[in-house]
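Heads up: the structure comes next, in structure tokens.
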Amino acid sequence: MFIKNRRHTIINKLETNKDLPDNELAALLETDIHNSSLFESADRVRKSIYGTDVYIRGLIEFTNYCKNNCYYCGIRCENRAISRYRLSQQEIMDCCEIGYELGFRTFVLQGGEDDYYKDEILCAIISEIKANYPDCAVTLSIGEKPYKSYKAYFEAGADRYLLRHETADDEHYKKLHPESMSLQNRKECLWNLKEIGYQVGSGFMAGSPFQKTEHLIKDIRFLQELKPEMIGIGPFISHSDTPFKDQKSGSLELTLRLLAILRLMFPNVLLPATTALGTISPDGRELGLKAGANVVMPNLSPVSVRKQYALYDNKICTGEEAAECKGCLERRVNAAGYQIVVSRGDVKMVPGTNLAPIKDLCYPQYIRHNPGAETW
Ligand code: SAM
Ligand code: FES
């Protein structure tokens, strides 16, 4: 009874203050008692800002080549068991055409770190998408790049960038990545993206190998510092052809708790119910929406390559055409009590929240999309 009451008090405090001291955050993260009041609180906050709207992003996984070797990732360069593919500019445009017809107004270009796509090629792809679909946002998720490359993509029209920090603890980072990669560089990339004017997304995997509560608290503290517009979290799921093949996958419960806590700490953030969440549990994405998530990312990649973009085992939605995928998600979203909207789905910035004002974060971009709003 005492523990239950204490948890209620902590949840109320988190909803009101949008923050908690480390010990209370740890208590909330570690409890495995029924979470319904935490989820109700997160849902109330998400509804106060986004109503029951769910934003969709058309995910185009355009290359599974990667020069990196992250221990957890199925498309790491040392995995010789997968066949590699790259989509041409025309194939990417075909995905956008199908996506636009289906109501997508954001296209996410995601891939491994593949130097085949030089800056000029990527800029040409971004410019063509923006020229053909000026009412759409382009999101990139292509890893760590030099400042000048990020700047070039932004000037070509890219609006948003997703780069999970993966873990904010140095020692933990080293356990997940080879020596050639560093948390410092990852963080520097994120700060560069913000400075350039992107809407930035960061995040981490729930239940990644060797993860402790103290790491999760550091992740949350880093996000509070970064103030991203989007936070991507999903469970770690092991992949049979990686060094982490025998590691336990992250749990549904921890991922949902994290989603709810993040919604309460970052009321305005764009928070996806990820494919990984739908992979560990058949109704994972619906539960994610009920715990505060407000974005889903159906796959727009050609069915012929879907299975090759296997970051983890048993990934769902690798067999269906884009229309089927979107139709299935639409039914799931509706059944959970929400609805998909046709919209770019930009972040709603409200002064006084945990997010810095848009002027500080992405003013150039805000002005680009809202001409005449200079006095905002
Ligand atoms: N190369 C880009 C990057 O590094 O940001 C984008 C592609 S990367 C595959 C996208 C995300 O997939 C990573 O940030 C990571 O968190 C997630 N991911 C990779 N392997 C995973 C796994 N086994 N389980 C769950 N998520 C995974
Ligand atoms: Fe590069 Fe996963 S190791 S995308």
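Read the numbers this way: they start at 1 and go in the same order the structure lists the ligands and their atoms. Bear in mind the structure is a predicted one, so any value in this text is a computation, not a measurement.
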Over-ring placement of Arg105 relative to Tyr100, 6.0 Å and 45° cut-offs: yes

Ligand 1 to Ser141 polar contact by distance, N or O atoms, under 3.5 Å: no

Can you sort out which atoms of ligand 2 are near Ile75, meaning under 4.0 Å from one of its heavy atoms? 2 (Fe), 4 (S)

One finds that the ligand 2 atoms under 4.0 Å from a non-hydrogen atom of Cys66 are 1 (Fe), 3 (S), 4 (S)

Of the backbone atoms (N, CA, C, O) and the side-chain heavy atoms from C-beta on, which set of Glu61 has a member under 4.0 Å from an atom of ligand 1: side chain, backbone, both, or neither? neither

Donor-acceptor contact present, side-chain Thr255 to main-chain Ser251, <3.5 Å: yes

With a cutoff of 4.0 Å, is Pro235 in contact with ligand 1, counting heavy atoms of the residue only? yes

Under 3.5 Å between any N/O of Gly111 and any N/O of ligand 1: does that happen in this structure? yes

May I ask whether atom 16 (O) of ligand 1 is less than 4.0 Å from at least one protein heavy atom? yes

Does NZ or CZ of Arg86 come closer than 6.0 Å to the centre of the six-membered ring of Tyr116, within 45° of the ring's axis? yes

Considering only protein heavy atoms, determine whether one is less than 4.0 Å from atom 11 (C) of ligand 1. no

Exercise: do Thr279 and Asn314 side chains pair donor with acceptor under 3.5 Å: no

So the atoms of ligand 2 within less than 4.0 Å of a heavy atom of Arg76 turn out to be 3 (S)

State whether the shortest distance between N or O atoms of Gln110 and N or O atoms of ligand 1 falls below 3.5 angstrom. no

Of all heavy-atom pairs linking Met265 and Leu20, the shortest is CE-N, 4.1 Å

Side chain or backbone of Tyr161 under 4.0 Å from ligand 1, or both, or neither, by non-hydrogen atoms? neither

For atom 2 (Fe) of ligand 2, the protein heavy atom that lies nearest, with its residue and separation: Cys73 SG, 2.3 Å

Regarding Lys175 and the six-membered ring of Phe210, is the cationic atom NZ or CZ under 6.0 Å from the ring centre and inside 45° of its axis? yes

Among all the protein's non-hydrogen atoms, which is closest to atom 27 (C) of ligand 1, and how far away is it? Met205 SD, 3.5 Å

Tell me, with the steps shown, if Asp114 and Lys67 meet salt bridge (Lys or Arg N to Asp or Glu O under 4.0 Å). CA-CA 6 Å; Asp114 182 2; Lys67 64 182 183 193; over 6 Å; no

Can you tell me if Arg263 uses its side chain to pair, donor with acceptor, with the backbone of Gly292 under 3.5 Å? yes

Side-chain donor or acceptor of Asn35 paired with backbone N/O of Ala260 under 3.5 Å: no

Run the ring-centre check on Tyr161 versus Tyr150 and record whether the distance is less than 6.0 Å. yes

Distance-only, no hydrogens or angles: does the Thr274 side chain make a donor-acceptor pair with backbone N or O of Leu277 under 3.5 Å? yes

Quick check: Tyr72 and ligand 1, any N/O pair under 3.5 Å apart? yes

contact_flag Arg186 ligand 1 heavy-atom lt 4.0 Å: yes

Would you find a donor on one side and an acceptor on the other, under 3.5 Å apart, between the side chain of Arg46 and the backbone of Asn268? no

What protein heavy atom sits nearest atom 24 (N) of ligand 1, and how far away is it? Ile237 N, 3.1 Å

Decide whether Leu87 and Ile98 are clustered together by the hydrophobic rule: side chain heavy atoms of Ile, Leu, Val, Met, Phe, Trp, Tyr closer than 4.5 Å, transitively. yes

Would you please determine whether Tyr309 falls within less than 4.0 Å of ligand 1 on a heavy-atom basis? yes

Do any nitrogen or oxygen atoms of Glu166 come within less than 3.5 Å of a nitrogen or oxygen of ligand 1? yes

Any idea which protein heavy atom is nearest atom 9 (C) of ligand 1, and the distance to it? Leu311 CD2, 3.3 Å

Considering only heavy atoms of Cys70, which atoms of ligand 2 have at least one such atom less than 4.0 Å away? 3 (S)

If you measure every N or O of Ile75 against every N or O of ligand 1, does any of those distances drop under 3.5 Å? no

